[in-house]
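Below is one structure; the comments refer to it alone.
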Amino acid sequence: MEPSKAPEVFLKPYDASDREPEMLELWEKSGYANPDVCIEKGITKPDAEAYSIVLPPPNVTGTLHMGHAAMLAIEDILIRYHRMCGYKTLWVPGTDSAAIATQSKVETDIYKSEKKTRHDLGREELMRRIDAFVEESKTTIINQTKKMGSSLDWSRYAYTMDEKRYAAVMEAFVRMYDAGLIYRGDRIVNWDPKLQTTVSDDEIEYVEQKDPFYHFKYGPFDIGTVRPETKFGDKYVVMHPDDERYAEYKHGQKIDLEWINGPITATIIKDEAADMSFGSGAMTITPAHSTIDFEIAQRHKLDIERVIDDRGILLDIAGEFKGQHIKKARPMIVEKLRAKGLISKVDEGYVHNVATNSRGGGIIEPQIKRQWFIAVNKAVQFPDGKTMTLKERMREAVDSKQTEIMPERFEKIYYHWIDNLRDWCISRQIWFGHRIPAWFKGDEVKVSVESPGPDWEQDPDTLDTWFSSGLWTFSTLGWPEETTDLKTYHPTSVLETGYDILFFWVARMILMSTFLRGEVPFKNVYLHGLVRDGQGRKMSKSLGNIIDPLTMIEKYGADATRLSLIIGAAPGNDVKLSEDRVRGYKHFANKVWNIARFVLENQHESGALQFTLQSKASGKVELLESDRTLVAEAQNVAKAVSENIDIFRLDLAADTIYHFVWDRFAAEILEESKPIFKGEDAAARQSRAAALCEILQISLKLLHPFMPFVTEAIWKELPQKPARPDDSGRSGGDADLLMVAKWPV
RNA sequence: GGGCGGUUAGCUCAGUUGGUAGAGCAUUCGAUUUACACUCGAAAUGUCACAGGUUCGAGCCCUGUACCGCCCACCA
């Protein structure tokens, strides 16, 4: 008996760079990433359960890095698995404007090439430049995203600054304002003197710094500071009420003393904020430039006076130092105090944390400013009738398990964040972003989407980028319109993202969704780890240890790149990635390819692949007992893989199928088959060939979510697509593309 | 200062309700035409950080210690 030939493509090793673009085109043409198409073609039942993920939108102006690649791989696995299982499956793509980052990038570029600042250009011109930059660079990230094999529904693409999302942001602001959740007030905020804008608490990064720590004689007290330049206005001495060292001083008592610019009268304040164990236990306060001092001042209704302006220049109160920049003034002030004999001691090398703007900004200077805030401690009524504060609601969402965070340990971190949450400052003084729908006329303020009249001026500020991001799960689905998409796909099934943005984003989406829709934005939060280099270091340009996903895709294929990010990556744990790892999985792709070749070369024994799944129904060929056992084994693997995916253990799922395919199917089952095919027993040959076909199919399906390209490429070469054994959910038999074939469980 | 995670083979890591220590990569030796050299087979390597405790039995549970990493925090 002559062996039938496998299709000729199998005579060469699998070439990912050759086949992947072809598969991408097949998928794109099919439209199967769009659930509406799947329903139309009878692949998905119209009343099937929905499964949806909204892609955390990458920065429009960025390029794809391994973190994105990991995110795309994980989400695509979940999506492809559920699509194959028959769910009405939607994965919504989008990009983010990343306001501050984008604006400062464009500003920097302009300054480099033209020596012009944004003020030279003006607001309109800068916006034009930014739009042009965004337009140019967004195709880059979109194309790179596609190369990973991400089965996103591009017909639903959203951009945070597009018309619909913009409208959603305006609507959200107005509704929250009307509900009394958004207010405008003078409060102490984080001011970035470099970027000239406020920054939210979460965007602050503490950087360790070494500075001299000065001890001053402040009347009878010893006070310390690293910032002498803020001390001009200090006229209150604060100490703990229980501090026995200062028992003789009474709250409110006045003391005359000599200070930087002459004699002043200081007032004693007893407050528990003073730490008895730190230094002398006594401190002076600068309420206008320190959050804690501001709070003390408010508690005791003390005077609050600004010392430093928005650019870091000393004000009138500094006397002879007025007009100086704080950096330059500091040594001069120290010198003067020293000359007056007011310095008692200097500790060089005092290590402390300095607040900086994590978005490439400067050192934060707390300032009192009139800004827009979201009140997190104010009780309001939610759409579902509940009345509570935002904080309480955010806690409840997770506490009640409406939203489950995985790995579970992150729930604690989430609670901790909420408990320490203060009112959220949402206005920014940068130009690129969503405008605040507030209108001013003299002292009057009106909040509305449209201008109230010709003589009203719009608030020049823009919104914190996370305000719009908070709406993302539902603004992408059409909110505020009550669209079919919104009803079908919200709350979304899973929010999958890196653990580093749990606070920035996840918590804010819960806030926005519960308030504006009365429901959580997602049922599950799955947090993946960070991708690091082979030695566990962060990937960075300066270390030169960046592994570029696109390079890996070119060299080893997207399938290999995906697997390298999945296998061995336990939920929430960082992944250490090396090129060797990616290479190893390329070998695996080729292995699968050759398994298919071997099976196809022997298919003549069973009268073509179509036999396999039909055999039971038609009764044409009876599998031998031993072969039935082998098929059952593959089916058990399918069960194990499914169970692991269901609990987000993609690493274990991938590991299971990997080892079954290589160590069991290829190494043992195929090897054992060789003598059978050489043998004289025709029934045994036929039965074995049929079993191998069956196992191959199961394997391809199980592998497909993890390595969609090579499996789809093999599927395409199957001489005859296997017909489906049953039609639960789909009318067209097993599909033309593996992407929508029925999951084998 | 508070919290979280980690410590298992040379390297990177699994080990899911406690039951004789595992994988990949790397190393060494060997093989080869009914798939695959992007292959196959075999070998070697471990006081599971340390010290106690619970248990018939602990990598796993409890207590403590050490080191590494991360997050949070307004010590002036």
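Throughout, a chain's letter reflects where its sequence line sits, starting with A, and its residues are numbered from 1.
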Going by purine N1 to pyrimidine N3 plus the second Watson-Crick contact, or the G-U wobble pair, all under 3.5 Å, which nucleotide sits opposite [N]?
N     : result
B:A73 : none
B:C48 : none
B:A26 : none
B:G19 : B:C56
B:A35 : none
B:G5  : B:C68

How is [X] classified with respect to the nucleic acid when contacts are heavy atoms under 4.0 Å: base, sugar-phosphate, or nothing?
X      : answer
A:Y206 : sugar-phosphate
A:R649 : sugar-phosphate
A:K412 : sugar-phosphate
A:A589 : nothing
A:E295 : nothing
A:Y218 : nothing
A:G679 : nothing
A:N573 : sugar-phosphate
A:A666 : base

[M] and [N], which share atom name [atom1], separated by this distance in whole Å:
N     : M     : atom1 : value
B:G46 : B:U8  : C1'   : 8 Å
B:A51 : B:C25 : P     : 34 Å
B:U17 : B:A43 : P     : 31 Å
B:U16 : B:U54 : C1'   : 23 Å
B:G2  : B:C75 : P     : 14 Å
B:A26 : B:A21 : P     : 27 Å
B:G57 : B:U20 : P     : 15 Å
B:G41 : B:A23 : P     : 13 Å

Is [X] close enough and on-axis enough to [Y], meaning under 6.0 Å and within 45°, for cation-pi?
X      : Y      : value
A:R508 : A:W424 : yes
A:R562 : A:F706 : no
A:R19  : A:F709 : no

Inset, instruction - Hey, can you tell me if A:H251 and A:H300 have their rings parallel, tilted or perpendicular (30° and 60° cut-offs)? - result: tilted
Looking at [options], which one has an atom nearest to any side-chain atom of [X]?
X      : options             : value
A:I292 : B:C36, B:A76, B:C74 : B:C74
A:K591 : B:C75, B:C36, B:C74 : B:C36
A:K586 : B:C38, B:U34, B:C13 : B:C38
A:D275 : B:G41, B:C36, B:C75 : B:C75
A:A274 : B:C40, B:A35, B:A76 : B:A76
A:K576 : B:A76, B:U12, B:A14 : B:U12

Phosphate oxygens OP1/OP2 of [N]: is one of them under 4.0 Å from a side-chain N or O of [X]?
X      : N     : value
A:R581 : B:C11 : no
A:W662 : B:U39 : no
A:Y350 : B:A76 : yes

Nearest-Å distance for atom pair [atom1]/[atom2], residues [X] and [N]:
X      : N     : atom1 : atom2 : result
A:H240 : B:C75 : NE2   : C1'   : 13 Å
A:L577 : B:C13 : CG    : C1'   : 13 Å
A:N602 : B:C36 : CG    : P     : 12 Å
A:I285 : B:C75 : CD1   : C1'   : 15 Å
A:H352 : B:C75 : NE2   : P     : 10 Å
A:R583 : B:U39 : CZ    : C1'   : 17 Å
A:K235 : B:A76 : NZ    : C1'   : 19 Å
A:I223 : B:C75 : CD1   : P     : 18 Å

Inset, instruction - Could you please spell out the steps behind the ring-ring contact (aromatic ring centres under 6.0 Å, His included) verdict for A:F598 and A:F10? - result: CA-CA 9 Å; A:F598 180 86; A:F10 285 107; over 10 Å; no
Inset, instruction - Mind checking the CD1-CG spacing from A:I188 to A:D293? Nearest 0.5 Å is all I need. - result: 8.0 Å
Can a salt bridge be assigned to the pair [X] and [Y] using a cut-off of 4.0 Å between side-chain N and carboxylate O?
X      : Y      : result
A:K217 : A:D222 : no
A:R685 : A:E680 : no
A:K369 : A:D186 : no

Inset, instruction - Would you kindly compare A:A570 and A:H587 by the position of their nearest RNA chain B nucleotide and give the one closer to the 5′ end? - result: A:A570
Legend entry - RNA chain B: 5'-proximal contact among A:K674 and A:D663 (nearest heavy atom): A:D663
